[in-house]
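Below is one structure, written out as structure tokens; the observations come after it.
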Amino acid sequence: MVCQKVVVNEVSGWLRVFDDGSVDRTWTGPPQVEFMTESVPPHDDFIDGVATRDVFVNKNLRLRIYLPETNPEDESKLPIILHLHGGGFCISQADWYMYYHMYTRLARSAKAICVSVYLRLAPEHRLPAPVNDGFSALLWLRSLAKGESYEPWLINHGDFNRVFLIGDSSGGNLVHEVAARAGKVDLSPLRLAGGIPIHPGFVRAVRSRSELEQPESPMLTIDMVDKFLSLALPVGSTKDHPITCPMGYGAPDLNSLKLPPFLLCIAERDMIIDTEMEYYEAMKKARKEVELLISPGMSHSFYLNKIAVDMDPQTAAQTEGLISGIIEFVNKH
């Protein structure tokens with residue numbers, strides 16, 4: 001007799017957890033958007049001005065590198081942007097098309113090397129696993145800067161004095177956490193020049209007004225927030241956990257953290273804008289260097305929605321504005 005597995009938890013379209021602990025992340029939502037969740041193979045050849053390769057640092061750490069094409073006569077080094085992807089800590093991979101289309105564009109436009117981390121996912125690997133992955137990637141970059149490791153694209157073209165963290169949605173939470181950890185160690189000769197959390201998943205156990213009143217979006221719903229975090233947070237924790245609420249009573253005092261300059265990017269119609277703004281105000285109160293970039297009329301992670309970027313002029317314009325703001329921040333630091 002064959003026993004069928006029973007679904008015990010499901011996030012519509014994205015993820016199913018079974019009674020034996022296994023997880024199925026096969027996309028079951030609208031087929032017309034499935035392409036955004038498909039893996040893009042790496043290519044050493046330059047396509048639209050960017051080459052990509054995957055690097056296996058160890059059994060737990062895999063990275064995708066985006067190298068922009070440069071003039072061979074230009075010997076100047078390129079800033080390095082360490083990317084931590086979103087997905088509520090439970091879904092998505094660094095090689096998904098939704099990230100490929102955004103981070104090839106950023107690498108090409110900013111003339112920067114993007115290094116994207118394949119983060120371990122919950123519920124198989126609950127928090128702080130992806131924080132550990134992001135920090136391990138940063139320490140690997142330090143080992144390159146010290147000559148203890150070797151990766152030709154980064155060694156030949158990267159400026160280890162200008163390393164930035166960037167993260168989408170839950171990856172924005174990781175930007176804060178990895179930067180906070182980095183402030184406790186000696187990264188030299190690498191310099192962490194800045195952090196760029198984009199629409200970070202900062203929430204509280206008690207719903208904010210914007211969660212109750214702002215419209216849901218294709219990239220973020222109440223169901224996604226609740227279920228992903230229930231699967232990702234340490235067992236017994238609430239959304240007031242320091243990783244999801246770094247401005248809360250349970251988190252380390254922001255005054256005590258050594259953080260680089262931050263560019264906090266938020267969307268005007270993001271369902272979690274209230275708690276994102278609460279984080280901004282807490283950072284300002286703690287006298288941290290933080291700039292704010294607001295995308296008017298936009299919802300959560302709008303720039304990753306390739307269909308909207310291609311079809312809607314306002315989304316296209318705001319995506320261009322977001323990228324321009326990121327480039328300006330990188331060039332300043």
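In this text the structure is predicted, and so the values were computed from the model without any measurement.
- Ion pairing between a basic and an acidic side chain is recognised when a charged N comes within 4.0 Å of a carboxylate O; Asp54 and Arg62 show such pairing.
- What you find for Glu211 and Val206 is that their closest heavy atoms are OE1-O, 4.4 Å.
- For Cys90 against Leu231, the heavy-atom pair with the smallest separation is SG-CB, 3.9 Å.
- In this structure, Lys111 contributes its side chain and Thr70 its backbone to no donor-acceptor pair below 3.5 Å.
- Closest heavy-atom contact between Tyr118 and Gln93: CD2-OE1, 3.3 Å.
- Heavy-atom minimum distance, Lys306 versus Tyr97: CE-OH, 3.5 Å.
- Residues Thr315 and Asp312 have side chains that bring a donor and an acceptor to within less than 3.5 angstrom of each other.
- The cluster map of Ile, Leu, Val, Met, Phe, Trp and Tyr, joined by side-chain heavy atoms under 4.5 Å apart, puts Ile222 and Met219 in different clusters.
- Residues Phe89 and Val11 do not share a hydrophobic cluster, defined by chaining ILVMFWY side chains whose heavy atoms lie under 4.5 Å apart.
- Side chains of Ser301 and Asp168: a donor-acceptor N/O pair is absent below 3.5 angstrom, by distance only.
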Name each donor-acceptor pair under 3.5 Å that joins a side chain in residues 183-198 to protein atoms two or more places apart or in another chain, with its distance.
from	atom 1	to	atom 2	distance (Å)
Asp186	OD1	Ser188	N	3.0
Asp186	OD1	Ser188	OG	2.6
Asp186	OD2	Ser188	OG	3.2
Arg191	NE	Asn161	O	2.8
Arg191	NE	Asn161	OD1	3.4
Arg191	NH2	Asn161	O	3.1
Arg191	NH2	His333	O	2.7

For side chain to side chain donor-acceptor pair (under 3.5 Å), just list the numbers for Ser169 and His300, CA-CA rounded to whole Å, side-chain angles, deciding distance to a tenth of an Å, and then say yes or no.
CA-CA 8 Å; Ser169 192; His300 192 83; 2.7 Å; yes
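- Side chain of Ser256 to main chain of Asp253: a donor-acceptor pair is present (N/O by atom type, distance under 3.5 Å, no hydrogens or angles).
- Of all the heavy atoms in Ser170 and His85, the pair that sits closest is OG-O, 4.2 Å.
- For Glu216 and Arg269, the salt-bridge test fails: no basic side-chain N is under 4.0 Å from an acidic carboxylate O.
- Using cut-offs of 30° and 60° on the angle between ring planes, the pair Trp96 and Trp14 is parallel.
- With respect to Arg207 and Asp274, no salt bridge is recorded, no charged nitrogen being found less than 4.0 Å from a carboxylate O.
- Salt bridge Arg204/Glu278: present, at least one basic N to carboxylate O contact under 4.0 Å.
- Asn60 and Asn58 share no side-chain donor-acceptor pair at under 3.5 Å.
- Annotation: Tyr303 is in aromatic contact with His199 [ring centroid separation under 6.0 Å].
- Salt-bridge formation is detected for the pair Asp133/Arg120: a Lys NZ or Arg NE/NH1/NH2 atom is positioned less than 4.0 Å from an Asp or Glu carboxylate oxygen.
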Can you list the steps and then say if Cys245 with Met247 is a side-chain contact (heavy atoms from CB on, under 4.5 Å)?
CA-CA 5 Å; Cys245 191; Met247 63 288 187; 3.9 Å; yes
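- Inspection of the Ser22 and Asp20 side chains reveals an N or O donor paired with an N or O acceptor under 3.5 Å.
- For Arg53 and Trp153, the positive end sits near the middle of the six-membered ring, less than 6.0 Å away and at most 45° from its axis.
- Between Tyr103 and Tyr66, the ring-plane angle classifies as tilted under the 30° and 60° cut-offs.
- Under 4.0 Å is where a charged nitrogen must lie from a carboxylate oxygen, and between Asp226 and Lys239 at least one such pair does.
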